[in-house]
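Counting starts at 1 for both ligands and their atoms, in listed order.
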Amino acid sequence: MPPTEGAQEQALLDEMSRINNDYGVLQRRTAQALARTRHELAETQNVLGMVAHDLLTPLQAVAGFAEFLLDEPNLTEQQRHLVDRIAHSAEMMTGLTDELLQSMDVGASSLVLAPVDLVALVDSVSSRYRLLGNAVSFDRNTPAVKVDGDAIKLERMLDNLVTNALKFSPEGEQVEIAVVDEGPTVVLSVSDHGPGIAPEQHAAIFAPFHRAPGTAAAPGVGLGLAIVRQIVERHGGTVSVDSDLGQGATFVLRLPVMSPRPTSKA
Ligand SMILES: Nc1ncnc2c1ncn2[C@@H]1O[C@H](COP(=O)(O)OP(=O)(O)O)[C@@H](O)[C@H]1O
Ligand SMILES: [Mg+2]
């Protein structure tokens, strides 16, 4: 006897309910797997961050003690040379570890926003470089411009651009920083007179671990500009480079100017 229409309908409903059930189970399992993966990724980043952080302290000690030894007047020529190499290697490893730490921190932690006067920040950073004997110039009479930003991360962003400008330029070449208020955006530029960057490299240099050809001799792992881009984009801004081989390089950051808060006239 063929199944009645009612029985057929019931079978169909049963089948649909079974599929629905399976779909629900699948959805739950996928969500659980996703949560597990996210958790594991966060754990891995945590561990990496802690390792990098724990490496920094002994590395800084090695670098510091080596510097201290270099002041010792009774070193032989060869001893001085070896201590100098220890100091240099420790300094390089400190830089690399610090960059790894920075890139993980920028990706993971949230911004601590407050009104930041970009001009005051640039002024303090450029003075710090001048104190260390670097030719970094900035017009101190630039009118103040405020952005809604994370001062520590903005400083890190600027530091990455200035250290690049200095390390890729011939010793003693001037690095110029400028801040121009262009209404809704403020333009911060860092210019150098170094070797420049070929146009076909302009997009690639912002990718993590990418270094332009001919760069290998300079210390670094290729994370600095990726960090710069991440920080500026998290502030709602952009970064670009204006350069060609033999022409020096200008890195241009555009950030939204902080809209004035309504003032109460009490
Ligand atoms: N001011 C500059 N002048 C010339 N090349 C630069 C400059 N800044 C960055 N670059 C190029 O972009 C690459 C990526 O820069 P970055 O991410 O800071 O890495 P790193 O400094 O570790 O090499 C550099 O390796 C270099 O090839
Ligand atoms: Mg760099």
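- At a heavy-atom distance under 4.0 Å, only backbone atoms of Val221 (N, CA, C or O) approach ligand 1.
- With a 4.0 Å heavy-atom cut-off, ligand 1 is reached by the side chain of Ile197 but not by its N, CA, C or O.
- For the 3.5 Å distance criterion, the side chains of His210 and Gln201 qualify, holding a donor opposite an acceptor.
- Residue Asn164 holds the heavy atom nearest to atom 9 (C) of ligand 1 of all those in Leu245, Val228, Val190, Asn164.
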Which atom pairs, donor and acceptor, lie under 3.5 Å between side-chain atoms of residues 179-189 and protein residues at least two apart or in another chain?
{"from": "Asp181", "atom 1": "OD1", "to": "Gly183", "atom 2": "N", "distance (Å)": "3.1"}

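- The backbone N or O of Arg211 lies less than 3.5 Å from no partner atom in the side chain of Thr215, so there is not a single donor-acceptor pair.
- Coordination check, Asn164 versus the Mg ion (ligand 2): passed, since an N/O/S atom of the residue sits under 2.8 Å.
- Taking a cutoff of 4.0 Å between a charged side-chain nitrogen and a carboxylate oxygen, Asp159 and Lys153 do not qualify as a salt bridge.
- Checked options Val122, Asn134, Val136; the residue passing with Val162 is Val136 (criterion: side chain to side chain contact (heavy atoms under 4.5 Å, CB included)).
- Within the structure, ligand 1 has Ala165 among the residues with a heavy atom less than 4.0 angstrom away.
- Contacts between Phe251 and ligand 1 below 4.0 angstrom, taking non-hydrogen atoms only, involve the side chain exclusively.
- At a 4.0 Å heavy-atom cut-off, ligand 1 touches His210 through the backbone alone.
- Remark: ligand 1 atoms within the under-4.0 Å shell around heavy atoms of Gly224 are 16 (P), 17 (O), 18 (O).
- Contact annotation: for Asn160 versus ligand 1, there are no heavy atoms closer than 4.0 Å.
- Asp14 has no carboxylate O lying under 4.0 Å from a charged side-chain N of Arg18, or vice versa, which leaves the two without a salt bridge.
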